[in-house]
Amino acid sequence: ETGVTQTPRHLVMGMTNKKSLKCEQHLGHNAMYWYKQSAKKPLELMFVYSLEERVENNSVPSRFSPECPNSSHLFLHLHTLQPEDSALYLCASSQEGRSQYFGPGTRLTVL
Amino acid sequence: EDQVTQSPEALRLQEGESSSLNCSYTVSGLRGLFWYRQDPGKGPEFLFTLYSAGEEKEKERLKATLTKKESFLHITAPKPEDSATYLCAVQANTGNQFYFGTGTSLTVIP
């Protein structure tokens with residue numbers, strides 16, 4: 001595997017479910033990111049992990065919970081989501097100060 | 001407040017008809033400006049990084065330029081396969097955050 005991979009690619013879940021999104025980067029980068037992409041809106045930064053520190057967007061609801069066990073893996077744990085959380089969730093990685101490289105995204109639908 | 005504005009929102013071109021996309025930005029100290037291409041249902045694909053005013057980068061039919069307030073992505077003699085959404089992002093000198101515009105959706109008609 002090369003670049004940034006994400007699983008699953010598609011996810012449909014009910015509002016009471018708990019699921020997790022997984023991201024893995026094979027680029028040796030030291031920062032990883034979660035973004036939410038909704039139609040007609042800019043990419044919304046949710047969380048950043050850099051050098052084992054976490055930076056978060058304060059507007060992200062607590063029903064989204066990130067986990068970064070090491071510099072190559074990033075998870076986004078989901079619970080009790082709302083229909084408005086349906087979107088494309090993108091993972092990215094970068095070497096500090098340089099461009100981000102994105103995964104293919106997880107298309108999430110909340111029923 | 002750091003922000004990025006892209007225009008136009010959508011652009012339709014005939015094959016071979018050259019044009020430019022605009023990215024205006026406000027940032028407290030620019031570390032870098034980035035252009036990405038995004039195809040439907042896929043993640044953004046990195047195209048260029050520009051670091052200082054006056055800098056230019058080229059790749060095939062694309063050329064990116066940078067001033068102190070904006071960047072242009074020039075598309076010369078586009079082909080249908082250039083159809084995609086083009087995203088612009090900036091990174092400030094402090095922190096690891098990137099600020100994205102809403103993108104320009106480009107359609108090139110054969």
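Convention: sequence-line order gives letters A, B, ...; per-chain numbering from 1.
Between Q37(A) atom CD and L87(B) atom CG the span is 6.5 Å, to the nearest 0.5 Å. The OG atom of S99(A) sits 4.0 Å away from atom CZ of F46(B), with the distance rounded to the nearest 0.5 Å. Interatomic distance, OG of S94(A) versus CD of Q91(B), reported as 6.5 Å (0.5 Å rounding). Here OG1 of T102(B) is found 9.0 Å from NZ of K40(A). Values are rounded to the nearest 0.5 Å.
When the side chains of ILVMFWY residues are joined at heavy-atom separations under 4.5 Å, either directly or via intervening members, Y86(B) and Y101(A) end up in two distinct hydrophobic clusters. Note: the hydrophobic cluster containing V27(B) does not contain V48(A) (ILVMFWY, side chain heavy atoms under 4.5 Å, direct or indirect links). Placement of F72(B) and L13(B) in two distinct hydrophobic clusters is found when ILVMFWY residues are connected by side-chain heavy-atom separations under 4.5 Å, directly or transitively. Placement of Y49(A) and L78(A) within a single hydrophobic cluster is found when ILVMFWY residues are connected by side-chain heavy-atom separations under 4.5 Å, directly or transitively. Cluster membership check: F64(A) shares its hydrophobic cluster with M15(A), using side-chain heavy-atom separations under 4.5 Å among Ile, Leu, Val, Met, Phe, Trp and Tyr.
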Verdict with reasoning, Y33(A) to F98(B), per ring pair (Phe, Tyr, Trp, His ring centres under 6.0 Å): CA-CA 10 Å; Y33(A) 310 76; F98(B) 292 74; 5.7 Å; yes
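A 6.0 Å sphere centred on CZ of R12(B) holds no more than 12 heavy atoms belonging to other residues, nucleotides or ligands. Other residues, nucleotides and ligands place no more than 12 heavy atoms under 6.0 Å from the CD atom of E9(B).
The ring of F102(A) has its center closer than 6.0 angstrom to the ring center of Y36(B).
Note: Q100(A) leads Q6(A), Q100(A), K41(A), R9(A) in heavy-atom pairs under 4.5 Å with chain B. Of the listed residues (C91(A), P42(A), G105(A), A92(A)), the greatest number of heavy-atom pairs within a distance under 4.5 Å of chain B belongs to P42(A).
Both the backbone and the side chain of L43(A) come within less than 4.5 Å of a heavy atom of chain B. With a 4.5 Å cut-off on non-hydrogen atoms, Q38(B) touches chain A through its side chain but not through its backbone.
Proximity of K42(B) to L90(A): side-chain heavy atoms (C-beta onward) are nowhere separated by under 4.5 Å.
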